[in-house]
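Inspection log for the structure reproduced underneath, given as structure tokens.
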Amino acid sequence: MDTPEEAEFSAFVEQRAHALLKTAYALTGDRHAAEDLVQTALAKAFSRWRRIDEPEPYLRRMIYNEFASGWRSRRRQAEVSVPEPPERAGNRAMEVDTALRLLLRDALRALPPRQRAVLILRYFEDLSVEETAAVLSCRQGTVASQASRGLAKLRELVPQLDWSPDLVEGRH
Amino acid sequence: MRFEQLLQETIDEMTGEMTAPRAGLAARSMARGRRIRRARRVATAGAAILAAVAVALPWTLLSQKDAAAPSPAAQPTRTPAMTRTELPGGWVVAGVGDQVLDRATNEYVLMRKPVLPAPVGNRILVIDGPESLQLTSVRGADPVTVDPAGLVGTFNWSPAGDRLVGGITQKEPFKVGFAVIDARTGAISKHWIDHDRHDCSRCDFTWTRDGQEVVLPIADRSGGEAEERVSELQLFNAGTGEPTRSLPITALPAGPFAWSPGGRYVVVGPPGTSEGWQLYDTTTGQHRPFPYPAVWVTADVLLATKNGKVLTLTPDGTVTATIDVAAPNPGMITFGPPR
């Protein structure tokens, strides 16, 4: 029979694991890696479950941190080949957007984990520099520099994208 | 299309591909979580002992049985045969392995639990797992419970044995600081630090020799997070938490007596190991290898341990004497100055 702690944890996993997996998948771009990342975070969370007041923010932060730090030492993924982009102009806007998304997806996967985590937190989760630094337990200056480097790399990999000047400077 | 919009759509598209978790995720996570808990109990006890205030040196590991299966507050069980050995300058072995010196009777008392003895006085910190901290006298008198909420890292006794320092964190919003724990009452004074200015990786705190300041290693992240490098030491007023000064030293002292009596020199190194130690001149940052983690007895004499024996050294690292303290059950050792 489950203890109350185990029952509560199981219910949380039942309700929220899928959402956490989506976050992990956005970071890793790989289903198995995402499952591994989430299970690692869940295991650590369970080990101190009684002390955690709000599990989901705690888990999300752990997933980002684990990805940005612990995963650094793992073997880097092979560089993803970038397909030849279609012409930007023309009346096939939808197809162009689809191609750009594919390009951006591959370009994101080519970034180092910390830069990828910073960009996803800043531009997908829409967190401020301060909030991103808090999630990743690092300095705000580190967030800014990692974002800047990540954006520069994306610009290089996806030059077809509409890059606004303020974005290149970094958002605060 | 603008970058932010495209990124949103790209990630939405990606996350939409992620199917539901496979069955048994909760059970697998709980199994791993239980292993982490067991490992943490052992590690917490071990780390605390390693960070013992004078200097703690690994002779053997702590009793895994005690650490893995904690029971209520530790009580001394019997008085073993080990006797007090006088060391240079009137120093003593305040604790070795599971034995702690009762200065009132000059007898060593056997502990059933991992404990961290104060270098001076009669108090011990009983570490009964990560969620149970208690301060008592060596023989179990005057126990007080320490609330472990938010406490992290290792604990270090002040040079006078009247306070402990440990790290504290808060999750939301993220904060880091240190807690000064009163050895008599267990009362905790928390001091948050500016983590942006004083960025630590291993946020372990220890003391200066005069007990007026606590010391934090500042992270050098140039080699990546996993390198755990230290760029300098930042010192804080132990009473107010205000930053006081920084020193060009790239590792953490093991305790307050790692500082020379005048505070000019300090022996630092990687915690839990007997290699890679350095002696720093705090005024210039110049340093050279030192053969052992050691405590300063006087400006000319240091103490260290090797193979269960106590060594006396000169500041240039030369061993001048070997003293057998006749520890029947070697473990971690804590040196203490005279009362």
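The sequence lines fix the lettering, A, B, ..., with proteins before strands; numbering per chain opens at 1.
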Take atom CD in A:Glu130; do more than 12 heavy atoms of anything else shown fall under 6.0 Å from it?
no
OG1 (A:Thr142) and CG (B:Asp196) are apart, to the nearest 0.5 Å, by 9.0 Å
Check whether B:His195 reaches the backbone of A:Ala134 with its side chain - one donor and one acceptor, N or O, closer than 3.5 Å.
no
Does the side chain of A:Arg101 come within less than 4.5 Å of B:Met14's, by heavy atoms?
no
Does a side chain donor of either A:Ser47 or B:Arg32 reach within less than 3.5 Å of an acceptor in the other side chain?
no
Under 4.5 Å to a heavy atom of chain B? For A:Phe9 that would be side chain
Shortest non-hydrogen pair, B:Ala20 vs A:His18, comes out as N-NE2, 3.5 Å
Nearest 0.5 angstrom please: B:Leu6 CG to A:Tyr123 OH, how far?
14.5 Å
So CG of B:Leu7 and CZ of A:Phe124: to nearest 0.5 Å the spacing works out to 8.0 Å
Does the side chain of A:Ser10 come within less than 4.5 Å of B:Met30's, by heavy atoms?
yes
Residue pair B:Thr15 / A:Ala26: nearest heavy atoms and the distance that separates them:
CG2-CB, 4.1 Å
Drop me the distance from A:Leu104's CG to B:Glu9's CD, to the nearest 0.5 angstrom.
10.5 Å
Taking the basic N atoms (NZ, or NE/NH1/NH2) and the acidic carboxylate oxygens, is any pair closer than 4.0 Å for A:Arg105 and B:Glu17?
yes
Turns out that what part of A:Leu20 lies under 4.5 Å from chain B's heavy atoms comes down to neither
Mind checking the CG-CD spacing from B:Leu25 to A:Glu35? Nearest 0.5 Å is all I need.
8.0 Å
Decide if atom CD of A:Glu14 counts as having more than 12 heavy atoms of other residues, nucleotides or ligands within a radius under 6.0 Å.
no
Nearest-0.5 Å distance that lies between atom CG in A:Leu27 and atom CD1 in B:Ile11
8.0 Å
